[in-house]
Participant: 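Provided herewith is a single structure, encoded as structure tokens, for subsequent inquiry.
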There are 2 protein chains.
Amino acid sequence: MPPKYRQIAAELRDRIISGHFATGDRLPTEQRLMDDYGVSRNTVRLATALLVNEGLIERVPGRLGGMLVRAQLMLTYHASRAEMPHGLWPESDAWFGEVQAQGYQPSQRFEMRIAELPAELAERLGVEADSPAGLRRCIRMVNGQPSSLQDTWYPMDLCEQVPELLSPRDIPQGTTRLLAERGFPQPAVEDDLVAMMPAPEHVQLLNLAAGTPVLAFTRTGFAPSRPVRVSVTIFAGHLNRVVYTLGDADVIARHRDGQ
Amino acid sequence: MPPKYRQIAAELRDRIISGHFATGDRLPTEQRLMDDYGVSRNTVRLATALLVNEGLIERVPGRLGGMLVRAQLMLTYHASRAEMPHGLWPESDAWFGEVQAQGYQPSQRFEMRIAELPAELAERLGVEADSPAGLRRCIRMVNGQPSSLQDTWYPMDLCEQVPELLSPRDIPQGTTRLLAERGFPQPAVEDDLVAMMPAPEHVQLLNLAAGTPVLAFTRTGFAPSRPVRVSVTIFAGHLNRVVYTLGDADVIARHRDGQ
DNA sequence: ATCCATTTGTGCGTATGTATG
DNA sequence: CCATACATACGCACAAATGGA
């Protein structure tokens, strides 16, 4: 027989998944659970901590607080559509469009600075670790909630050839098109996706609840002569999914239309 | 000032990330941390629970147990290479090859059964929810450790046309080629990736430590006339990453060779 | 096979702090 | 200012797992 706290967690989990508790509902208070199950507060906390770590609930202190069932809002990001392969329109526009098409309210915030390239990213760009590079950071929000964090790095010599990259504001036509106009098209990209628990920095910037995993999405863009940029996007788990379409897209479109 | 348990967690986290503690090292015992920091055992457990949830350590009871720094082994899965677009070789062979090329020892286990399609997957296949379907499950292991879990669903009517799909053993030429030979090539696939905390079933099958996120990778394969299968692969986080190459792969290959 | 020592796992009770309405 | 809810922290006890004597 599993320990009490796991049994209690399992019961509550089932009631959440089955829809007995809906999004935004309050679970019974800790005191109530202590009485119902005849256990100590410690045991109740162990049980509910599991649910917090699974991302099913969040805890809110205060008079009208409690343990709330979290929303399972899901946003789709079409990785093979944006900026690939001929559709060279600005990625931020693509993102705005996708979010709005899904019925949500997008917004974003920009920052620009010069920073030292972490070793792992420097290798992808084929430059030395810790060399300086242009870093454009974009925090994207959906309905006011931080949703993803994108850091795009450009090698320093490229920034000198294309000084607009150092602009602290959004670049209207998009950096990908800007680079293409200056002789650095990106006919190929390599993406790399991994699920991980967020670093403390990401928890803060994305306002993540404990137990929320993130999807780290790294895209390296290649000009014919060299890699020109690497973007690291941290997607808040649960809130985002990334979609790729490979092969003959018409086949899929035909099927969708047929439905 | 942050609470004590967070301070203690932060110190230990820094020492792990900075390499002061290496993979496999034991952290000080709970008793030792109580003495060092002058706190109760409860506080030590709160602190170390954070690190467990971040996937940094695992706890092992027993005489020579302790809190061990977890390995950060990383395996790469080339999603756009296996079985796409002309290279129609068996996916399991592709996986074996990739793992071996990275210096690890692959193995896998098969199961086959008929089961009811979950609503979400039924929609992708364009059939009714809860209708029966052929389910092929493959548990893949690296160096004996469960690494990923793949469930592939085939609509029932397709299984009747291609009865080998119901074979409980591995299909030598691979199911994708088998289907192509029987008139169901897959010129297009759609992939869908999301980071999530594992369901209890996944925790058990993949032998996951608490706090390990997973990458759920869903691939829908389309024949010209219809979708023919949907595969759901659960990758244990930390252990796996998924890579896509989009556009002109030669551009990337040239750059690699040039290094 | 038994017993013992060590380390984490589970559970109890209590007290005080903090956030919110 | 109060009431309610979760947050942090102390202390204690016994169970379970593991490895060695």
Side-chain angles (χ1 to χ4, degrees), chain A residues 1-12 16 21 24-70 200 203-204 207-212, chain B residues 1-12 16 21 24-70 200 203-204 207-212:
Chain A
M1 191 152 75
K4 287 187 193 177
Y5 76 100
R6 288 190 184 276
Q7 289 179 47
I8 296 171
E11 270 197 45
L12 295 173
I16 292 170
F21 294 122
D25 280 2
R26 298 172 64 199
L27 258 52
T29 66
E30 293 181 349
Q31 185 59 53
R32 185 69 204 278
L33 292 171
M34 289 166 67
D35 298 343
D36 286 358
Y37 290 99
V39 297
S40 72
R41 174 142 186 251
N42 210 322
T43 303
V44 169
R45 301 254 329 152
L46 279 177
T48 53
L50 288 178
L51 303 182
V52 170
N53 287 333
E54 289 164 19
L56 289 176
I57 64 171
E58 64 184 318
R59 300 203 269 217
V60 179
R63 180 74 179 77
L64 290 189
M67 294 180 282
L68 308 183
V69 176
R70 281 175 52 175
V203 173
Q204 205 212 332
N207 190 25
L208 296 174
T212 305
Chain B
M1 191 153 71
K4 287 186 192 178
Y5 77 99
R6 288 190 184 277
Q7 290 180 47
I8 296 171
E11 270 198 44
L12 295 173
I16 292 170
F21 293 121
D25 279 2
R26 297 172 65 200
L27 259 52
T29 66
E30 293 181 350
Q31 185 59 54
R32 187 67 206 279
L33 292 172
M34 289 166 67
D35 297 342
D36 285 358
Y37 290 99
V39 297
S40 71
R41 179 149 178 243
N42 209 322
T43 302
V44 169
R45 301 247 339 145
L46 279 178
T48 54
L50 289 178
L51 304 181
V52 170
N53 287 333
E54 289 164 20
L56 289 175
I57 64 172
E58 65 185 316
R59 301 203 268 218
V60 179
R63 180 73 178 77
L64 290 190
M67 293 180 282
L68 309 183
V69 176
R70 281 176 53 178
V203 172
Q204 205 211 332
N207 191 23
L208 296 174
T212 305

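Throughout, a chain's letter reflects where its sequence line sits, starting with A, and its residues are numbered from 1.
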Participant: Can you build the contact string for nucleotides 13-21 of chain D? Use B for base contact, S for sugar-phosphate-only contact, and - for no protein heavy atom under 4.0 Å.
Facilitator: B---BBSS-
Participant: Return the pairing partner of D/dA15 with a 3.5 Å limit on both distances, Watson-Crick or G-U wobble; otherwise return none.
Facilitator: C/dT8
Participant: Tell me whether B/Q7 contacts the main-chain N or O of B/P2 through its side chain, where contact means a donor paired with an acceptor under 3.5 Å.
Facilitator: yes
Participant: Residues from residues 42-51 of chain B sitting under 4.0 Å of DNA chain D, heavy atoms only?
Facilitator: B/N42, B/T43
Participant: Enter the distance from B/L64:CG to B/R26:CZ here, rounded to the nearest 0.5 Å.
Facilitator: 6.5 Å
Participant: Take the protein atom CD of A/E58 and the nucleotide atom C1' of D/dC6, then report the distance between them rounded to whole Å.
Facilitator: 13 Å
Participant: Whole Å only: how far is the CE atom of A/M34 from the C1' atom of C/dG11?
Facilitator: 12 Å
Participant: Rounded to the nearest 0.5 Å, how far apart are CG of A/L50 and OH of A/Y5?
Facilitator: 6.0 Å
Participant: From B/R45 CZ over to B/L33 CG, what is the distance, rounded to the nearest 0.5 angstrom?
Facilitator: 11.5 Å
Participant: Please name the residue in the list A/R32, A/K4, A/E11 that meets the side-chain hydrogen bond (donor to acceptor under 3.5 Å, both in side chains) test with A/Y37.
Facilitator: A/E11
Participant: Rounding to a whole Å, what distance do you find between B/D35:CG and D/dC10:P?
Facilitator: 13 Å
Participant: Using a 4.0 Å heavy-atom cut-off across all strands, classify A/R32 as base, sugar-phosphate, or nothing.
Facilitator: nothing
Participant: Quick one: CG on A/L27 to CZ on A/R59, what's the gap to the nearest 0.5 Å?
Facilitator: 10.5 Å
Participant: How long is the gap from CG on A/L56 to CG on A/L68, to the nearest 0.5 Å?
Facilitator: 13.0 Å
Participant: What's the closest nucleotide to the side chain of A/Y5 if the choices are D/dC10, C/dT7, C/dT10?
Facilitator: C/dT10
